Amino acid sequence: LFAAIAATLDRAGLAILQARLLNGTDGEVFDTLQVLPGHPGQRPCADDIRQRLLNALGAADLARIRAPRRLRPRHLRHFRIPVQIGFALAASGERTVMSLVATDYPGLLAEVAQILHAHGMRVHDARIATFGERAEDLFQLTDADNRPLDAARQAHLRQALVHCLQRETA
């Protein structure tokens with residue numbers, strides 16, 4: 001769901017500046033996203049965005065919704081923040097907290113969401129923040145069976161994220 005929403009907003013030309021994702025007790029999902037047009041002067045139509053999200057969320061296979069692949073804008077390429085990925089057990093002991101610091105670029109969150117999905121991660125809570133060219137994100141994750149990530153899964157996920165994020169900022 002998170003990956004599909006991020007990809008849909010990215011395809012609509014919106015940049016996600018902040019996001020808060022929460023899972024309710026009865027399977028509800030509460031997502032709040034602060035977005036801005038990805039290009040100066042662009043004024044997205046709220047009805048168009050609403051319809052795109054409704055279409056995406058009504059799709060039979062959310063996993064097929066992907067962000068477009070594109071090159072990083074030339075004017076952002078000189079900003080390089082080393083990719084930092086950390087893992088810790090949440091205070092409850094039931095989830096893994098993953099912190100991610102990287103250079104922000106159009107589609108970053110959609111790419112991260114796709115990687116989390118591809119590795120079978122469940123996102124229970126996310127706090128997304130962008131400060132200029134710097135993205136600082138926190139995700140509370142479990143595996144598909146709602147267990148915290150073991151060291152091997154953490155290492156595998158870190159490798160996939162670093163590979164993608166370093167490729168995108170090269």
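Just so we're clear, the structure is a prediction, and the values are computed from it rather than from any experiment.
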**Q** Would a 4.5 Å heavy-atom cut-off, applied to side chains only, mark Leu108 and Thr130 as touching?
**A**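 Counting from C-beta outward, Leu108 and Thr130 never come under 4.5 Å.
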
**Q** Do you know which two heavy atoms are closest between Ala113 and Ala3, and how far apart they sit?
**A**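 Shortest heavy-atom separation between Ala113 and Ala3 comes out as CB-CA, 3.5 Å.
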
**Q** Checking Leu116 against Met98 for the side-chain contact (heavy atoms from CB on, under 4.5 Å) test, could you report, in this order, the C-alpha distance in whole Å, the side-chain angles of both residues, the deciding distance, and whether it holds?
**A** CA-CA 11 Å; Leu116 293 174; Met98 181 184 80; 4.2 Å; yes

**Q** For the residue pair Gln51 and Asp47, establish whether any side-chain heavy-atom pair is separated by less than 4.5 Å.
**A**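 Not in contact.
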
**Q** Do Arg95 and Pro148 have side chains that approach each other closer than 4.5 Å (heavy atoms only, starting at C-beta)?
**A**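 A side-chain contact is absent here, since even the closest heavy-atom pair is not under 4.5 Å.
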
**Q** If you take all heavy atoms of Ala12 and Ile49, which pair is closest and at what distance?
**A**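 Taking Ala12 first and Ile49 second, the nearest heavy atoms are CB-CD1, 3.5 Å.
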
**Q** Is there any ring-ring contact (aromatic ring centres under 6.0 Å, His included) pair reaching into residues 130-158, and which pairs are they, with sequence neighbours excluded?
**A**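 For residues 130-158, and leaving out neighbouring residues, the ring-ring contact (aromatic ring centres under 6.0 Å, His included) pairs sorted by first residue read His119-His156.
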
**Q** State, with a plain yes or no, whether a side-chain heavy atom of His124 is found less than 4.5 Å away from one of Asn146.
**A**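 His124 reaches Asn146 side chain to side chain.
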
**Q** Out of Thr8, Val35, Leu33, Leu36, which one pairs with Leu14 under the side-chain contact (heavy atoms from CB on, under 4.5 Å) rule?
**A**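 Among the candidates, only Val35 passes.
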
**Q** Carefully, step by step, assess Val123 and His117 under the rule side-chain contact (heavy atoms from CB on, under 4.5 Å).
**A** CA-CA 9 Å; Val123 179; His117 176 73; over 6 Å; no

**Q** Is it the case that one hydrophobic cluster holds both Leu138 and Val101, taking links as side-chain heavy atoms less than 4.5 Å apart, direct or via other members?
**A**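 No; Val101 is not reachable from Leu138 via cluster members.
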
**Q** Pair Val97, Leu89 - check side-chain contact (heavy atoms from CB on, under 4.5 Å), show working.
**A** CA-CA 6 Å; Val97 177; Leu89 192 60; over 6 Å; no

**Q** Checking side-chain contact (heavy atoms from CB on, under 4.5 Å) for the pair Asp10/Leu109: CA distance, chi angles, key distance, verdict?
**A** CA-CA 9 Å; Asp10 185 53; Leu109 187 57; over 6 Å; no

**Q** Would you say Thr96's side chain and Leu149's backbone share a donor-acceptor pair under 3.5 angstrom?
**A**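 Side chain of Thr96 to backbone of Leu149: a pair is present.
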
**Q** With rounding to the nearest 0.5 angstrom, report the OG1 to CZ distance, Thr142 to Arg153.
**A**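 Interatomic distance, Thr142 OG1 to Arg153 CZ, rounded to 0.5 Å: 9.0 Å.
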
**Q** What's the spacing between Met121 CE and Asp143 CG if we round to 0.5 Å?
**A**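 Here the rounded value is 6.5 Å.
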
**Q** Once rounded to the nearest 0.5 Å, what's the spacing between atom CZ of Arg158 and atom CD of Gln84?
**A**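 So the gap between those two atoms works out to 11.0 Å.
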
**Q** Provide the closest heavy-atom pair for Ala7 versus Gln114 in the form atom of the first, atom of the second, distance.
**A**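 For Ala7 and Gln114, the tightest heavy-atom pair comes out as CB-NE2, 4.2 Å.
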
**Q** Consider only side-chain heavy atoms of I, L, V, M, F, W and Y, link residues closer than 4.5 Å, and tell whether Val29 and Ile16 are in one cluster.
**A**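 Hydrophobic grouping puts Val29 with Ile16.
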
**Q** Check this for me: Gln159, atom CD, are more than 12 non-hydrogen atoms of other residues, nucleotides or ligands nearer than 6.0 Å?
**A**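 Open: at most 12 neighbouring heavy atoms sit under 6.0 Å from CD of Gln159.
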
**Q** Mind listing the closest non-hydrogen atom pair of Gln42 and Gly13 along with its distance?
**A**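 Scanning both residues completely, I find the closest heavy atoms to be OE1-O, 3.6 Å.
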
**Q** Would you mind reporting whether Asp104 and Ile81 have side-chain heavy atoms less than 4.5 Å apart?
**A**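 Side chain of Ile81 against side chain of Asp104, heavy atoms only: no contact under 4.5 Å found.
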
**Q** Scan for ring-ring contact (aromatic ring centres under 6.0 Å, His included) pairs involving residues 5-25, sequence neighbours excluded, and state none if there are none.
**A**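 Qualifying pairs: none.
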
**Q** Leu157 versus Leu141: any side-chain heavy-atom pair under 4.5 Å?
**A**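 Answer yes - side chains close enough.
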
**Q** Within this structure, what is the CZ-CG distance for the pair Phe2 and Asp125, rounded to the nearest 0.5 Å?
**A**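 Answer rounded to 0.5 Å: 10.5 Å.
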
**Q** Would you say the side chain of Gln166 lies within less than 4.5 Å of the side chain of Val83, judging by non-hydrogen atoms?
**A**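 They are in side-chain contact.
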
**Q** Closer than 3.5 angstrom, by distance alone: can the side chain of Asp145 be matched with the main-chain N or O of Arg147 as a donor-acceptor pair?
**A**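 No; judged by distance alone, with no hydrogens or angles, the pair does not exist.
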
**Q** With side chains defined as the heavy atoms from C-beta onward, is the minimum distance between Ile85 and Gln154 less than 4.5 Å?
**A**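 Side chain of Ile85 against side chain of Gln154, heavy atoms only: no contact under 4.5 Å found.
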
**Q** Hey, could you give me the CG/CG distance between Leu100 and Asp137, rounded to the nearest 0.5 Å?
**A**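 One gets 5.5 Å once the value is rounded to the nearest 0.5 Å.
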
